[in-house]
Each structure stands twice: as C-alpha cells, then as structure tokens.
Engineer: 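Before anything else, here's the structure in question.
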There are 2 protein chains.
Amino acid sequence: MTSQRTIGWLAKSAGVHVQTVRYYERQQLLSPVGRRPSGYRVYDHEAVARLRFIRNAKALGFTLREIGELLSLRVNGRARCGDVQRKAEAKLHGVEAKLTDLQALARALRGLIRMCQAGQPIDRCQILRQMEREQPASQQSQKRRTS
Amino acid sequence: MTSQRTIGWLAKSAGVHVQTVRYYERQQLLSPVGRRPSGYRVYDHEAVARLRFIRNAKALGFTLREIGELLSLRVNGRARCGDVQRKAEAKLHGVEAKLTDLQALARALRGLIRMCQAGQPIDRCQILRQMEREQPASQQSQKRRTS
DNA sequence: CTTGACTCGGTACCATAGTATCAGGTGTAG
DNA sequence: CTACACCTGATACTATGGTACCGAGTCAAG
C-alpha cells in the first residue's frame, strides 16, 4: 500500500520506464529518499514532481545537463528567479535563431516546388545551388547543443 | 599540383576532417571519382561543392539521412520532375512541422519568461512551478531534438 | 511455501554524428 | 635515399538519451 513507493511505482506515476529513472539517477537528476534493507529504492511524492519537472523541461528543449542545473538552482536558496529567467532566455534565443533559418529554408523549398511545377529542370534549382555556395557562417544557428 | 586531389585536399578545401569525409562516404553521401593504384581516393571540385552542400544543409537542421535524400533528389532531378516535386513537398512538410514545434516551444518559453518577476526568491519562481505541473505532453510530438 | 512479479547492479545495445588511434603502405622533397 | 607527411582500412571512443537484457535476490498473494 503506502510502502509501495518503489521505482516501479514512481516510473508508473510519472509515465517513464524504470530504466529511465535509474538512468536519471546516474545523471544525478534524481535520487531515492532511501533504501529498504533489501536495497530497493524508496521514493516519495516529491520524486514524482521532480520527474514531471524533468519531462516538461525536456519538452521545452532543455538537455538533461541543463535540467540538472535548473534543479540545483532550485535547491540552492541563494539563486534567484532571474537566474532561471536567463537560462530560459538563452534557450529562447537559440530557438528563435533556428526558426529564422528554417523559415528561410521553407521559403526556398516552396520556390523549388514552384519551379518544378513550371517544368524547370532540377539542375537550375536555386536552393540546391545556394546550398553549394560558400556560406558566410553569418548568424550561426548554434553549433550542436545550446548551453 | 593538379594531381593533389586526395582526401586531405578535399577535407581542407571544405573545412572538415579527413575522417569526416570517409564517414560521409560510408554514409553514402559522397564518393571519390576514382582511386590511384595505391588505393588513394581521388576527388574533383564537384566533391567540394557536395561537401559544402552537406555542411550547409546540416546547419539548417537536416540529418545526414535527409541530406542523402536531398542529394539524390538533385541527381534524379533530370529524370522525373514529378518524383522530385513529391520529395521536395515531403521535405517542406517536414520543415513546416518542425517550424510549428519550434514556434510552440518559443511561445512556451516566452510565456514562462513573462511570468518571471526577476528578483523573486527561487521558491517563488513561476517558471519552475509551471514546469512541475502535470502537462499531458499535449499535442506537439517532439520526436526529434529541437536544439 | 511456492509462484510470479518486481528489483538489484552491471553491461550491452540503439541511433546520430562524428573523432581518435592503429599498423602499415605511399608519395615526395631535399 | 632517407625523412616525413600523407593515405589505407579497421576499430574504438566521444556525447546524448535512453532501452534491453542478465542472473540473482526480494516481496507479497495464494
């Protein structure tokens, strides 16, 4: 009953796999409140909230590393809301840069499709040509991961 | 000399590592025009354009698999324009779906940032509170990383 | 007390996009 | 002719975010 707060209970409550909970533990994002004598992990409702937090932050595009930072901000009493805000803003800027790039690409693809409809041969395709050009690395849309 | 079109020349010309060129070859994105008797790969200027294409498409968020499709689209282009058009349209739909996801993400981030009254102690941070809420994964799938 | 579900740690594996290192062969400048 | 840079395939390793499987131990219902 009430003592059923095992890893399986937690996983089910938060809608993730048991292995994922253990994976998050290895990544220092989450730990059990204790262990039974048998070694079984014991959790509380806090853990469910924390796991939900992780899931939502992940859906917002934060990496597990970033989520870890967010979580430790929460623990660290001196941290201010502004710290969190800055992280969210950095993430937003990355997303906006990506949006700009993708919008340009969508426009280019629509152009290609129009050209195809006009019966133009593909070797005149301007986007494909454009993509062969040496591009001035200008507004780099984040290398790999936004930190 | 003109006969220096080895993998090293290509890699330097396109600004990637030699191993990356070989990796792309394994991924069927690029192949040498031939081999020297010694086995050395030989490339031409086309290869530089192709590598630049790959780099630029990658910067736009295409996976190597998708880039392969784009490249074969270019090669098959002369044959059947209808085929090409369908592929381009599929690609466009993919880009538009990505755009929708990213726009939702940006909206969510902006909403969170607005809620934050900087200077609040961390335990009153609305961003963090919001992220603890049960958010039933909602509509957007988020299958691929958006970073 | 047995049965079956659950849990343990450990390890291996998936995809993605490379990077690093290896022994050994090649190419070329001095 | 000798250095030394470059090339070869093969294999292993990086990071990210998990998933799958293993034998062995545990827990609770019947």
Side-chain angles (χ1 to χ4, degrees), chain A residues 1-43 47 51 54-69 71 94 141-147, chain B residues 1-43 47 51 53-69 98 141-147:
Chain A
M1 288 298 202
T2 341
S3 62
Q4 290 301 15
R5 311 213 185 293
T6 62
I7 197 169
W9 165 82
L10 173 62
K12 199 168 250 179
S13 300
V16 300
H17 295 290
V18 166
Q19 305 103 291
T20 304
V21 176
R22 297 203 288 192
Y23 175 71
Y24 287 167
E25 187 176 335
R26 275 206 305 288
Q27 305 305 308
Q28 322 243 64
L29 296 179
L30 181 69
S31 36
V33 282
R35 295 271 187 152
R36 289 194 201 168
S38 61
Y40 279 30
R41 292 164 178 85
V42 179
Y43 297 93
L51 213 38
I54 295 169
R55 183 162 57 60
N56 293 331
K58 220 159 53 61
L60 286 172
F62 289 94
T63 64
L64 294 190
R65 174 185 294 270
E66 291 167 333
I67 292 168
E69 287 167 26
L71 284 166
S141 66
Q142 74 233 75
K143 287 258 89 153
R144 264 289 56 172
R145 228 142 280 281
T146 343
S147 49
Chain B
M1 298 295 198
T2 341
S3 62
Q4 291 301 45
R5 310 216 186 292
T6 62
I7 197 171
W9 166 82
L10 173 62
K12 199 168 251 182
S13 301
V16 301
H17 295 291
V18 166
Q19 305 103 294
T20 304
V21 176
R22 296 202 290 194
Y23 175 70
Y24 288 167
E25 186 175 337
R26 276 207 305 288
Q27 304 306 308
Q28 321 243 64
L29 296 180
L30 180 68
S31 34
V33 281
R35 296 272 187 151
R36 289 195 198 165
S38 62
Y40 281 28
R41 291 165 178 85
V42 178
Y43 297 92
L51 252 187
F53 180 93
I54 295 170
R55 184 161 56 61
N56 293 329
K58 217 160 54 59
L60 286 170
F62 288 95
T63 65
L64 294 189
R65 175 185 294 270
E66 290 168 330
I67 292 168
E69 287 167 27
K98 233 176 198 168
S141 49
Q142 170 76 21
K143 55 213 150 206
R144 218 174 278 115
R145 203 177 328 296
T146 51
S147 80

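Just so you know, these numbers use all the heavy atoms, side chains as well, and skip hydrogens, waters and symmetry mates. Each chain gets a letter, A, B and so on, in the order the sequences are listed, and its residues count up from 1. Note that the structure is a prediction, hence the values are computed from the model and not measured.
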Engineer: Looking at residues at least two apart in the chain, or sitting in another chain, which of them share a salt bridge (charged side-chain N to carboxylate O under 4.0 Å, His left out) with B:R26?
Structural biologist: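 Partners of B:R26 by the salt bridge (charged side-chain N to carboxylate O under 4.0 Å, His left out) criterion come out as none, since no residue qualifies.
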Engineer: Could you check B:K12 against A:Y23 and say which one's nearest nucleotide on DNA chain D is further toward the 5' end?
Structural biologist: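 With B:K12 and A:Y23 compared, the 5'-side residue is B:K12.
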Engineer: Figure out the CG/P separation between A:L30 and D:dG18, and round it to whole Å.
Structural biologist: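 Result: 13 Å.
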Engineer: Among the nucleotides D:dC7, C:dA17, C:dG18, which one has an atom lying closest to any side-chain atom of B:V18?
Structural biologist: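 Closest nucleotide among those given: D:dC7.
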Engineer: Starting the side chain at C-beta, find the nucleotide from D:dC7, D:dT19, C:dA17 nearest to B:T6.
Structural biologist: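 The answer is D:dC7.
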Engineer: A:E69: what forms a side-chain hydrogen bond (donor to acceptor under 3.5 Å, both in side chains) with it, not counting sequence neighbours?
Structural biologist: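 Residues passing side-chain hydrogen bond (donor to acceptor under 3.5 Å, both in side chains) with A:E69: A:K87.
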Engineer: Taking OP1 and OP2 of D:dG9, is either one under 4.0 Å from a side-chain nitrogen or oxygen of B:R35?
Structural biologist: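 Result: yes.
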Engineer: For B:Q28, check side-chain hydrogen bond (donor to acceptor under 3.5 Å, both in side chains) against everything at least two apart and list the hits.
Structural biologist: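 Counting only residues at least two positions away or on another chain, B:Q28 forms no side-chain hydrogen bond (donor to acceptor under 3.5 Å, both in side chains).
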Engineer: Within this structure, what is the CZ-to-C1' distance between A:R26 and C:dA12, rounded to whole angstrom?
Structural biologist: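 Nearest whole value for this atom pair: 12 Å.
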Engineer: Looking only at side-chain atoms of B:T20, point me to the closest of C:dT7, C:dT19, D:dT19.
Structural biologist: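 Nearest to the side chain of B:T20 among the choices is C:dT19.
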Engineer: What is the distance from CZ of A:R41 to C1' of C:dC6, rounded to the nearest Å?
Structural biologist: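 These atoms are roughly 13 Å apart.
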Engineer: Could you list the residues that satisfy side-chain hydrogen bond (donor to acceptor under 3.5 Å, both in side chains) with B:Q27, not counting sequence neighbours?
Structural biologist: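 By the side-chain hydrogen bond (donor to acceptor under 3.5 Å, both in side chains) rule, B:Q27 matches no residue at all.
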Engineer: Starting at atom OH of A:Y43, determine the distance to atom P of C:dC6, rounded to an integer number of angstrom.
Structural biologist: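 That distance rounds to 16 Å.
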Engineer: Output yes when at least one side-chain N/O atom of B:Y24 is less than 4.0 Å from OP1 or OP2 of C:dA17, else no.
Structural biologist: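 Checking B:Y24 against C:dA17: no side-chain N or O falls below 4.0 Å of OP1 or OP2.
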Engineer: Hey, which of these two, B:I7 or A:R65, hits DNA chain D nearer its 5' end, going by closest nucleotide?
Structural biologist: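 First, find each residue's nearest nucleotide; the 5'-ward one identifies B:I7.
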Engineer: How many Å lie between CG on B:L64 and C1' on C:dA15, as a whole number?
Structural biologist: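 Value for this atom pair: 12 Å.
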Engineer: Check whether any side-chain nitrogen or oxygen of A:K58 sits under 4.0 Å from OP1 or OP2 of D:dG18, and answer yes or no.
Structural biologist: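 It does, given that an N or O in the side chain of A:K58 lies less than 4.0 Å from OP1 or OP2 of D:dG18.
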Engineer: Could you give the distance from CG (A:L30) to CZ (A:R41), rounded to the nearest 0.5 Å?
Structural biologist: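 Going from the CG atom of A:L30 to the CZ atom of A:R41 covers 9.5 Å.
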Engineer: Can you check the B:Q27 CD to C:dA15 P distance for me, whole Å?
Structural biologist: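 Interatomic distance, CD of B:Q27 to P of C:dA15: 11 Å.
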Engineer: Between protein and nucleotides 21-26 of chain D, map the contacts as a letter string: B base, S sugar-phosphate only, - none, heavy atoms under 4.0 Å, written 5' to 3'.
Structural biologist: ----BB
Engineer: Who passes side chain to side chain contact (heavy atoms under 4.5 Å, CB included) against B:A14, sequence neighbours left out?
Structural biologist: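 Only B:L51 meet the side chain to side chain contact (heavy atoms under 4.5 Å, CB included) criterion with B:A14.
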Engineer: Looking at NZ of A:K58 and CG of A:L64, how far apart are the two atoms once the value is rounded to the nearest 0.5 Å?
Structural biologist: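 Between A:K58 NZ and A:L64 CG, I get 7.0 Å after rounding to 0.5 Å.
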Engineer: Distance check needed: D:dG18 P versus A:F62 CZ, whole Å only.
Structural biologist: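 Atom CZ in A:F62 sits about 15 Å away from atom P in D:dG18.
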Engineer: In this structure, how many angstroms lie between the C1' atom of D:dT8 and the CD atom of B:E25, rounded?
Structural biologist: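 Atom-to-atom, B:E25 to D:dT8, this comes out as 12 Å.
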